[in-house]
There are 4 protein chains.
Amino acid sequence: MSENDFIIEQIFDNENFTEKQKKIIEAAIELFSEKGYASTSTSEIAKKAGVAEGTIFRHYKTKKELLMSIVMPLITKLVGPIVVNDFNKVLDRPYDHIEDFLRATIENRRAVLKKLLPVIKIVLQEIPFQVELKEHIIEQFAEKIFGLFVNKIKFYQEKGQLIDMPPNSIARLMLTNILGYLFSRYILFPNFEWDDELETERTLQTILHGLSPKE
Amino acid sequence: MSENDFIIEQIFDNENFTEKQKKIIEAAIELFSEKGYASTSTSEIAKKAGVAEGTIFRHYKTKKELLMSIVMPLITKLVGPIVVNDFNKVLDRPYDHIEDFLRATIENRRAVLKKLLPVIKIVLQEIPFQVELKEHIIEQFAEKIFGLFVNKIKFYQEKGQLIDMPPNSIARLMLTNILGYLFSRYILFPNFEWDDELETERTLQTILHGLSPKE
Amino acid sequence: MSENDFIIEQIFDNENFTEKQKKIIEAAIELFSEKGYASTSTSEIAKKAGVAEGTIFRHYKTKKELLMSIVMPLITKLVGPIVVNDFNKVLDRPYDHIEDFLRATIENRRAVLKKLLPVIKIVLQEIPFQVELKEHIIEQFAEKIFGLFVNKIKFYQEKGQLIDMPPNSIARLMLTNILGYLFSRYILFPNFEWDDELETERTLQTILHGLSPKE
Amino acid sequence: MSENDFIIEQIFDNENFTEKQKKIIEAAIELFSEKGYASTSTSEIAKKAGVAEGTIFRHYKTKKELLMSIVMPLITKLVGPIVVNDFNKVLDRPYDHIEDFLRATIENRRAVLKKLLPVIKIVLQEIPFQVELKEHIIEQFAEKIFGLFVNKIKFYQEKGQLIDMPPNSIARLMLTNILGYLFSRYILFPNFEWDDELETERTLQTILHGLSPKE
DNA sequence: GATGAATGAGTGTTCATTCAT
DNA sequence: GATGAATGAACACTCATTCAT
């Protein structure tokens, strides 16, 4: 099973696609991610997928619908399955110390990012141009994930492991550091040589130093 | 003088453009920034600029050359004029305390970002697809700015104001927090209500807490 | 039983269609008549008929064959059943006076036109483009109906009720007036308010005045 | 100068087209008239006109706009120039006897029909599908021409040359006979052998007999 | 007999680019 | 320097038709 098959399985878990439809999605993900949505033609997708151009439009009314069919469920899946099954495990497991919680969070997000990299790239590219996508993300992410995150923060604040700053701001700063690191690592400069363990640890320690109460 | 005129002045300082050429650049910046490079047609640009379609190609051999002519000098200017004139002032002025240096840096970057927002959006969009652009950025930014920044860090490390961590990593973490904040503030969620002063201060304190030696 | 069912019955009297086939014909008549043959797609027909696209082609090798299967028997039926059963009754019944003959003819044609309006519209549209159709019409109509009509004219000429003009020309003039009236009434301006009885009478009188011998 | 050039001149009198644009219109008229609007592709038009397909769309935003640009001014021209210059001459010249008026009218319409046959065919084909066209025709024709015609009829009624029937009905009957004849002659059966002079005269006499007061 | 996924040629239209004026 | 008509390849999308199930 190819890497792309895996992505498709992750994003469209239970749906049963025909073989051709899978090929189309695979090809679309690869091309959108490499050349961008607007610069990828449906004929290229058809060619790469090994299907007739008409076949694409039997399954998706428009090119945009194809994009959305790939990109919208990803969001749900980033908050849903992987999140419910993985991320929530992280959030719910009673890590006694915030350091362990953060480390688990980083590793979890890193795993997701690595697995779904091409589709995530597409999402990032299209956010500015697809209003529905942006709204869907804000809805799903901001309201669900951010909320859970904020709760965790309150939890550790009560335990005296985090400074007394509005949880929203703490959340923003933590996410900035975690996502900023992962973004630099996997999207901006994937080709640099990174000492992952070390850099993760440094990010982690900076967050902890920065947001722990003075002892 | 319009805002766009200002951008053009900033990016293409000494070059003397005809009025038509200015209009073309203005229109291109606006459209590329709104709809993306690939989704903007040269005829749209011509129409918005109030010139004939052919006129664009008199000044720029191809559509891509027009893009590059806008986007490449920006990079130089982010490192050059504004940088030499503004940013370096920041870097060179002997701020006694790192806190003042960081605060000045944030404010300086914020100012640049606000001024050049449309062009910066274009750059961010096109980085993944324009190899030369990406290389130019890494060259200019990574090597020049990052170097200067690393020197400053060493300077404050010697003064005992920063923890003993490889300056590269410190730089990465500082930039992650500063740029992550500005990016969230001005590009991702420009429409949210931000208490700029407060949020800036929190970002700043987090960096300082996170990267200062334990007292 | 719907109006369409009636049309189908009229045109394809003895043939026994499956339910699906009937639905296809019904849908085709409606769509061809509304949007024209060339502008109606087989998928539209399938959708409106509630069958799969393939089903159409199980019954008709091509889209054109579907058109012809609707349009050709109409011609035969205009000359055949309705004609043999209705029109000929008119022609054969020994109306003593031409006025009665003409009045009966108009009413008979009016009834046919009203019943089969959608299919007749299709025929009129396609005559210029379907050579076989045109030929079929000329064959059936010109040779059979026109012949019968001419005989009737001779009959009334002998009775001294029609002027001495070549029967062909008289036929043409009568048909022009009758069909011209019906065409204006039901196809060109069906939405105007017509006083049918009055206008019929006027048409009739004009023909009679125009073609009766001077008294 | 070709026959088509003449049509173009007649319909688009003063407009100055480029050579290519003329070729496009010419090709479009010929093809629309032969195969119907819906069955003619823009690529065919381009090929026949000897221009690139893009050239068509430089002059006409859509295929439909091309159709309308041909078909709408025809209506105006049937009522306008040819009408104002020719038809009105007929209507205004004080023919003492209605017979002369009708004969002149038939000959005038015949001339127009012969000249503009291809475009008139297109109009007739598209009336059922182009609402604007139908409305334009009713507006222009029904209101302007029909009005003039009705006035003439009143004039001859007063002179005692026409029976006492509502002028509208007389107009309808006259037009039915004139147009019915011309339509049969030039559109339905242009290939039959017609003795034009004779058939015209018969049509004329029928109208006169039919609509003259009993002597 | 009926389905509907699949096809690939063809559709109207847009595109970046050229070039004579 | 500026124009805008012209290009033809490419575009997203539709079509009538086929065929395995």
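Convention: sequence-line order gives letters A, B, ...; per-chain numbering from 1.
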When you look at D/Leu74 and D/Ile122, which way does the side chain to side chain contact (heavy atoms under 4.5 Å, CB included) test go after all the steps?
CA-CA 10 Å; D/Leu74 172 73; D/Ile122 301 173; over 6 Å; no
Other residues, nucleotides and ligands only: do more than 12 of their heavy atoms fall within 6.0 Å of NZ on D/Lys35?
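Result for NZ/D/Lys35: enclosed.
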Protein N or O to nucleotides 13-15 of chain E N or O, pairs below 3.5 Å:
from, atom 1, to, atom 2, distance (Å)
E/dT13, OP2, D/Lys63, N, 2.5

B/Ala49: what forms a side chain to side chain contact (heavy atoms under 4.5 Å, CB included) with it, not counting sequence neighbours?
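B/Ala49: side chain to side chain contact (heavy atoms under 4.5 Å, CB included) contacts with B/Lys23, B/Ile24, B/Ala27, B/Val51.
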Can you pull the contact range of chain A along DNA chain F, 5' to 3', using atoms under 4.0 angstrom from its heavy atoms?
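For DNA chain F, the relevant span reads F/dC11 to F/dT14.
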Measure across D/Ser33 and C/Phe129 and return the closest heavy-atom pair with its distance rounded to 0.1 Å.
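Closest approach of D/Ser33 to C/Phe129, heavy atoms only: O-CE2, 4.4 Å.
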For the student: nearest non-hydrogen atoms of C/Ile56 and C/Thr42, plus distance:
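Closest heavy-atom pair between C/Ile56 and C/Thr42: CD1-O, 3.4 Å.
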Looking only at atom types and distance, does a side-chain atom of [X] sit under 3.5 Å from a main-chain N or O of [Y], one as donor and one as acceptor?
{"X": "B/Lys63", "Y": "B/Tyr37", "answer": "yes"}
{"X": "C/Glu34", "Y": "C/Leu31", "answer": "no"}
{"X": "C/Ser39", "Y": "C/Gly36", "answer": "no"}

Please collect all side-chain hydrogen bond (donor to acceptor under 3.5 Å, both in side chains) contacts where either partner lies in residues 123-132 of chain D, sequence neighbours excluded, each pair once.
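As it turns out, the side-chain hydrogen bond (donor to acceptor under 3.5 Å, both in side chains) pairs with a partner in residues 123-132 of chain D, which skip direct neighbours, are D/Lys64-D/Gln130, D/Glu126-D/Gln130.
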Pick the nucleotide of DNA chain F nearest each of B/Thr55 and D/Lys20; which residue has the one closer to the 5' end?
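Going by which nucleotide is closer to the 5' end, it is B/Thr55.
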So for the helix from E/dA2-F/dT21 to E/dT21-F/dA2, with five pairs setting each end axis, what is the inter-axis angle to 10°?
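The end axes of the helix from E/dA2-F/dT21 to E/dT21-F/dA2 are about 0° apart, to the nearest 10°.
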Regarding B/Glu53 and B/Ser43, is there a side-chain donor-to-acceptor distance under 3.5 Å anywhere?
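Absent: no donor and acceptor within the cut-off.
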How many angstroms lie between atom CD1 of C/Ile127 and atom CG of C/Leu133, to the nearest 0.5 angstrom?
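Here the interatomic distance stands at 6.0 Å.
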Got B/Glu65 and B/Phe57 here, is their nearest side-chain heavy-atom distance under 4.5 Å?
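No, too far: nothing below the 4.5 Å cut-off.
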Taking the side chain as everything from C-beta on, heavy atoms only, tell me whether B/Glu26 gets closer than 4.5 Å to B/Ile29.
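B/Glu26 vs B/Ile29: side chains apart.
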Using heavy atoms and a sub-4.0 Å distance, could you list which residues of residues 121-131 of chain A are near DNA chain E? By number, please.
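Hits under 4.0 Å, by residue number: none.
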Atom-to-atom span, CD1 of D/Ile56 to P of E/dT11 - whole angstrom
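D/Ile56 atom CD1 is separated from E/dT11 atom P by 12 Å.
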